[in-house]
Amino acid sequence: MKTTMLALLAALSTPLLAAPLNSEAIQALGPVKLGQLHDGPHQEAIFHNLQSQVSQTQSSKITLLNQSYSWQRLSDFSMAADSLGLFRTTLSVNRYTQGELLVEGFEKLHLYVNGKKLSKGDKGYKLALTTGEHQLFVIAQDNKAEQSPTFEFIGKTDEDQLILAHKGKQRLSASQLFDTEVVSGLTIADNGQYALISYKSFNDDKGDIPETRTELLNLKSMQVMQRWDSSPSGAVFSPDSQHLLYSKDDKLQLLDLKSLQVSTLTAELKDASGFTFMGNNNLLFSWNKPGKDDGKLVKHYQALEDRWSGWRDNSQLYLLDLPSGLIRQLTKASASSYLLDSDEKRGTLLLSRAVLDYSEPPHGKTALFELDLASGTERQIGEYLAFNSASYGKDGIYVIGGPSFAGGTGVNVSAGLTPNDYDGQLYFMDLQGQQVKALSKDFDPAISSIQVLDNDDLLLSVSKADRTPLYWYDASKGQYQELSSQLDVVKHWAATSDSKAQILYAGTGASSPQALYSQRLGRKADKIWDSAGEYADTLIPSLEEFNFVNADGVNIEGRVYLPNDLNKDKKYPALVYYYGGTAPVSRAFTGRYPFNLWAANGYVVYVLQPTGTYGFGQDFSARHVNAWGDYTAKDIIDGTKAFLAAHPYVDADKVGHLGASYGGFMTMYLATQTDIFAASISHAGISNLTSYWGQGWWGAMYSGVASRGSFPWNNAGLYSQHSPVFHADKVTNPILLIHGDADTNVPPGESQNMYTALKLLGKEVDLVEYKGDNHHILTREKTFHWWATMLAYFDKHLKGQPQWWDSLYPSQYE
């Protein structure tokens, strides 16, 4: 024992040696005479700008102050006195790596990694690199006499190693997934000639503030007619496609699409929104009046919804006569009025209002009205449960609602099952709200939105398993036809209203970044933009479909993301992801949970769609109701076992699992039900169904579907026995709880409940709260930190690499 301890102490006291870096992988440019550059107090800013511009240029030649320079190998580079040298290379690491970078041979140095300047360490410049590739850029001044430049690395431990790889494809990075430009909005003129397309991207210089641009595009010539640095607020084309209307500084602006002249139509219209043309001379909009509070001392609740921010506001409909500028109030009610659609020929509006009615689930109704503009009179069409939206058809009204809409007209479930009203269905009824017809009972995808065409056909956005395509509904034949086959997930879309609609749609594939398409209904689609160039030199993890048949004989779909350069003779850690809260896990290329990034970091990632999600038919989604983990947990456990059996290169002892919201609940619940997982992460999870039901802003309403007819007083067993905190003593593996401390959907007390229980039980548990964040983490800086937190936690517990986690969360007790 004594000999072993002495050997250990000797090893710890032995200084780590500097390892020379491969000079053949380092490119050099210059020398640039210092006299050509400003050498004053602003030099730091000048050098930062220089590295920002030059490092992003992959050309072999660079022009600096009208003089051309070429990149060359470091071994061929000669640095002159009183000059400047630029150097670049790629640092590649296979794990979280720390150490110091030593660059010798120069008097002054400025080192940047991924655009951020490095600080000095004890010997060199401090590095802390996550798995993947990182761009090193060095600006050096004044070489030391008779000393050739050298680059060396001293790792914090023997396992901290750098590889230089200037050429070749690189692994996917977090910044690529978050920062790369995407389409953020689409609007199209009804003649199909003009489109308004908004784009959004991020970068280090602006941090959390997005870089935005909006282009007015002529779709026939593909020429950009006008460009804005931000998105024009509330932009809408006139019905005759002659003008574009938008709001600027709360004033309405009208852009003539031929002359591109802008005129101001109104004085300030603060709190106005939802601008919609009705004919070319009338503009409908909503005007919001902020609600009153009860003063400084108390808040006297008026309803369950009174906890929602803005619930006391009152928004009503107005009409602006464009030629005269006169504004007329159209509705006046105690509840806000929401415009659903307008019928110019009949001179009517379709509108809705929320009705406070807790008498039956889902605890709230919607009243549907028709307003006659000529007389100013309203007639109520009906009050409905499970109502989502409505639009005028030729001789009636199209409605999207749950299966229970209109007394259960759309229900199509097996005996003993309760329909899931989040499973959107399509209906048609007459203008009196009678003769309701269910149009999608045998159509498995869940319908989320529609656009009615001039011939009464529909364009629909749907959830079909883990995809969100567009569909065309042929009303005369009652048939559905899928569109947008080029994309798995359509994120934004817009279309003209003619029977051969011109459609614009943007989205991604599971393994392909965003693209924008233009398609005439019934014809082939044309790609008009994509972001693929940003990933040209990037290794995208490969994807395999993996389905299994559960114990009930039901096919459970899933997919598996594989690490780059997969070697099936090795063993890999794995991550299992799910949601379970009735929506399928999207097949999008990126999102809040970046599956491709996890695979690029060396994990085999299994994503499955357990029983209870919509998009697979009503029987499948109905099993979400009054289950709270029963079917879902079994599918995840059995699916994980089937996944492991089919993928022998996955280390069955190194499998982590994670989910958010309902998926966070599932993570806690699974941790009490099985020991097949080695580490767990729950984000914004529910630990106690009763406290979530009563305290979450949408808890009671969501439970009106998910726990239909069940309450703590009539089904105490559901609320207690399905609550993970009641079974905390059964947790056997480490668990990380993540929550926004301002979460109103699932209050942070849900994670605090579980944290308290597991701490008192002596279990291994961590709780991380993001300050000021609600149910989602959305800003760039926090997203990168959050993504790092999850990967670092799994690296610690599944790879035996605690360094990243320890650097993020050093213990104050050590």
Side-chain angles (χ1 to χ4, degrees), residues 92-97 129-133 159 170-174 176-178 510-511 538-546 558-579 585-608 636 639-660 663 667 670-671 676-683 733-736 738 783-784 786-805 808:
S92 180
V93 295
N94 294 320
R95 49 166 290 162
Y96 184 74
T97 298
L129 304 177
T130 58
T131 302
E133 280 66 48
E159 295 178 339
Q170 302 177 12
R171 284 165 285 191
L172 194 65
S173 71
Q176 277 181 300
L177 292 175
F178 195 93
S511 299
T538 303
L539 292 167
I540 305 297
S542 58
L543 181 70
E544 295 178 352
E545 306 303 316
F546 179 75
R559 57 188 189 270
V560 177
Y561 299 81
L562 300 173
N564 303 314
D565 302 321
L566 180 73
N567 183 345
K568 294 185 179 182
D569 292 328
K570 295 183 178 180
K571 287 288 187 178
Y572 292 82
L575 302 179
V576 178
Y577 185 86
Y578 40 77
Y579 175 49
V585 180
S586 173
R587 204 177 176 85
F589 180 67
T590 186
R592 292 195 301 273
Y593 294 88
F595 313 124
N596 283 296
L597 180 64
W598 298 346
N601 275 261
Y603 291 95
V604 179
V605 182
Y606 172 40
V607 178
L608 73 158
I636 294 170
T640 301
K641 291 177 179 177
F643 157 73
L644 292 173
H647 299 82
Y649 49 84
V650 171
D651 189 338
D653 294 325
K654 300 295 182 183
V655 180
H657 67 129
L658 70 164
T667 294
L670 284 161
I676 65 171
F677 298 112
S680 311
I681 296 180
S682 166
H683 183 166
N733 60 263
I735 185 168
L736 168 63
I738 301 176
T783 295
F784 288 160
W786 168 48
W787 285 356
T789 292
M790 292 187 288
L791 278 171
Y793 188 79
F794 284 131
D795 279 3
K796 175 181 178 179
H797 292 285
L798 304 181
K799 292 182 178 179
Q801 298 172 4
Q803 293 85 355
W804 193 3
W805 176 265
L808 288 172

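The shown structure was predicted, so the numbers you read here are calculated from the model rather than taken from an experiment.
- In this structure, Ile735 CD1 and His657 NE2 are separated by 6.5 Å, a value rounded to the nearest 0.5 Å.
- A donor-acceptor pair under 3.5 Å is formed between the side chain of Trp787 and the backbone N or O of Arg592.
- Shortest non-hydrogen contact noted between Asn733 and Ser680 is ND2-OG, 2.7 Å.
- Side chain of Tyr603 to backbone of Tyr561: no donor-acceptor contact under 3.5 angstrom is found.
- Within the 4.5 Å cutoff, the side chain of Gln176 has no heavy atoms near those of the Thr590 side chain.
- Val604 and Pro563 make their closest contact through CG2-CD, 3.7 Å (heavy atoms, listed as atom of the first residue, atom of the second, distance).
- With Pro541 as the partner, the side chain to side chain contact (heavy atoms under 4.5 Å, CB included) test is satisfied by one option alone out of Asn564, Leu566, Leu562: Asn564.
- Surrounding NZ of Lys641 are at most 12 heavy atoms belonging to other residues, nucleotides or ligands under 6.0 Å away.
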For Trp598 and Leu658, run side chain to side chain contact (heavy atoms under 4.5 Å, CB included): C-alpha distance rounded to whole Å, both residues' side-chain angles, the deciding distance at 0.1 Å, then the answer. CA-CA 12 Å; Trp598 298 346; Leu658 70 164; 3.5 Å; yes
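- Taking the centre and axis of the six-membered ring of Phe794, the NZ or CZ atom of Lys654 falls outside the cone set by 45° and 6.0 Å.
- Residue Thr538 holds its OG1 atom at 9.0 Å from CG of Leu177, rounded to the nearest 0.5 Å.
- Closest heavy-atom contact between Ala678 and Leu798: CB-CD2, 3.7 Å.
- Not less than 6.0 angstrom separates the ring centroid of Tyr606 from the ring centroid of His647.
- Across all their heavy atoms, Arg95 and Gln801 have their closest contact at CB-OE1, 3.4 Å.
- Taking all atoms of both residues into account, the shortest heavy-atom contact from Leu543 to Ser511 is CB-OG, 3.6 Å.
- When all heavy atoms of Leu597 and Ser173 are compared, the closest pair comes out as CD1-C, 3.9 Å.
- Rounding to the nearest 0.5 Å gives a distance of 9.0 Å between CG of Leu539 and CG of Leu172.
- Inter-residue side-chain proximity for Thr789 and Leu736 is flagged as met; some heavy-atom pair is nearer than 4.5 Å.
- Asp653 contributes atom CG, which lies 11.5 Å from atom CD1 of Ile676 (distance to the nearest 0.5 angstrom).
- Within the 4.5 Å cutoff, the side chain of Phe595 has heavy atoms near those of the Val585 side chain.
- Under the side chain to side chain contact (heavy atoms under 4.5 Å, CB included) rule, Thr667 has a single partner from Tyr577, Tyr578, Phe677, which is Tyr578.
- Between the side chain of Asn596 and the backbone N or O of Ala510 there is at least one donor-acceptor pair closer than 3.5 Å.
- The aromatic rings of Tyr793 and His797 sit tilted, their planes meeting at an angle between 30° and 60°.
- Atoms CH2 and CG, from Trp805 and Leu791 in turn, are 11.5 Å apart once rounded to the nearest 0.5 Å.
- Two residues are said to be in side-chain contact when any heavy atoms from C-beta on lie closer than 4.5 Å; Leu808 and Tyr96 fail this criterion.
- Side chains of Ser92 and Arg171: a donor on one and an acceptor on the other come within 3.5 Å.
- Counting heavy atoms from C-beta on, the side chains of Asn567 and Tyr572 come closer than 4.5 Å.
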